[in-house]
Enquirer: 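Handing you a structure now.
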Amino acid sequence: MIPITIPVLEESEAQAAAAVVMSGWLSQGVVVAEFEAEFSRIVGAPHACAVSNCSSALHLALLTAGIRPGDEVITVSHSFIAAANAVRQCGATPIFVDVDPAMFNMDTGLIAAAVSPRTRAILCVHQIGMPCDLARIVPIARKHGLIVIEDAACAAGSEIEWDGKFQPIGTPHADVACFSFHPRKVITTGEGGMLTTQRADWDRNFRMLRQHGMSVGTFERHRSSSVVFETYKQAGFNYRMTDIQAAVGLQQLRRLPELVRRRRTLAKAYGQMLADIPEVTPPVEPIWARSNWQSYCIRLPEWADQLGVMQTMLDRGVATRRGIMCAHLEAAYRDNQVRFPLPHSEAAHQHCILLPLFPQMTDVMQEEVIAALRGALVGQDRAGH
Ligand SMILES: *Cc1c(COP(=O)(O)O)cnc(C)c1O
């Protein structure tokens with residue numbers, strides 16, 4: 001059986017977690033601070049604030065950006081639903097624009113027409129690790145006085161060309177970037193998230209809101225030699241990461257360059273193998289971006305039955321996943337007005353599948369995936385289209 005992914009977790013992660021357990025301090029403390037410092041160093045952001053997951057990171061980013069009920073946030077439907085949910089958690093309305101059919105990211109040509117007097121921000125997504133076109137998005141946002149929040153959930157280790165050189169996603173190209181460390185992503189802490197920004201005041205606000213709006217954190221009070229009373233200026237949340245998770249995260253960060261290198265090699269190999277199946281469209285990486293290949297998304301021919309192909313591959317021991325979801329097609333978004341047509345989002349959802357891609361994959365496994373795909377398509381072709 002070839003699964004869709006396997007996280008790379010070894011003895012060093014287990015030992016790091018065990019050391020925190022034995023230290024007696026398990027919740028947010030020094031190890032979270034260390035993980036933040038290392039993450040900010042790696043992506044080149046002045047501030048990094050760790051939280052419980054990327055969904056809470058998106059919520060804090062939008063709240064700190066001042067998103068309030070009645071506001072509109074331009075984003076994509078074609079993404080994991082957490083992005084749209086975070087907008088609604090602020091009482092605001094996600095305004096969905098369509099995606100580019102080749103790169104599965106926000107079509108930047110559609111943004112300006114989606115700006116209304118209520119628009120406050122653009123929530124752009126680096127979908128499955130492929131950077132979206134920030135060099136276009138940020139100037140459009142500035143022209144209209146909008147905040148830019150990056151959903152970088154899948155994009156740890158991805159890079160974008162900026163000022164003539166490649167820089168990691170999370171470098172402050174926009175206002176704030178939000179990362180996920182869910183096991184489905186490139187590095188994991190079980191559950192976990194991170195906000196990176198160059199705005200010191202925003203970082204302070206993230207830190208305050210992630211622990212109930214407290215003026216002085218539990219750990220700081222614990223360490224203080226004098227008695228400290230905390231105050232609560234705002235109603236906040238419990239969005240903290242634990243030191244156990246952060247310890248695992250520190251080990252994962254050490255692996256990140258090698259994990260991304262391996263993923264790029266595998267993605268390149270898939271591209272070469274798919275050249276022999278002309279009816280399948282491989283993913284496109286623009287010259288200004290370097291994906292971390294969190295997922296490898298291929299487009300099936302229109303005549304192919306997506307579910308049938310996936311089932312035939314599964315019967316042969318190869319797991320796949322359906323193309324990225326569309327929030328506007330889900331019951332949870334039935335009442336959300338769809339202001340613009342989203343044909344490319346819907347087509348990508350219906351005709352794309354994700355192939356297994358994980359660092360432990362061997363050449364033989366990749367060949368098996370491609371053989372299963374080819375077999376499934378031949379089977380459908382014979383069945384008559
Ligand atoms: C995974 C993902 C999220 C949610 O991340 P969690 O850490 O699970 O909350 C948000 N947006 C996108 C695009 C994702 O892929």
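These figures come from a predicted structure and were not determined experimentally. Ligands are counted one by one from 1 in listed order, and the atoms in each one are counted from 1 as well.
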Enquirer: Check each protein residue for a heavy atom under 4.0 Å from ligand 1 and list those that pass, ordered by chain and number.
Expert: N53, C54, S55, S79, F80, A82, V125, D151, A153, C154, S180, K185, G192

Enquirer: For R68, what residues pass the side chain to side chain donor-acceptor pair (under 3.5 Å) criterion, not counting sequence neighbours?
Expert: none

Enquirer: Do we see a donor-acceptor contact under 3.5 Å between the side chains of E150 and H126?
Expert: yes

Enquirer: Identify every side-chain donor-acceptor pair in residues 18-26 under 3.5 Å, counting partners at least two apart or on other chains, and give the distances.
Expert:
| residue | atom | partner | partner atom | Å |
| --- | --- | --- | --- | --- |
| S23 | OG | V20 | O | 2.7 |
| S23 | OG | W25 | N | 3.2 |
| W25 | NE1 | S27 | O | 3.0 |
| W25 | NE1 | Q28 | O | 3.3 |

Enquirer: Taking atom types as modelled, find out whether Q311 and D315 have a side-chain donor-acceptor pair closer than 3.5 angstrom.
Expert: yes

Enquirer: Please enumerate all residues that pass side chain to side chain donor-acceptor pair (under 3.5 Å) together with R199, with sequence neighbours excluded.
Expert: D175

Enquirer: Indicate yes or no: does E368 engage R316 in a salt bridge with an N to O separation below 4.0 Å.
Expert: yes

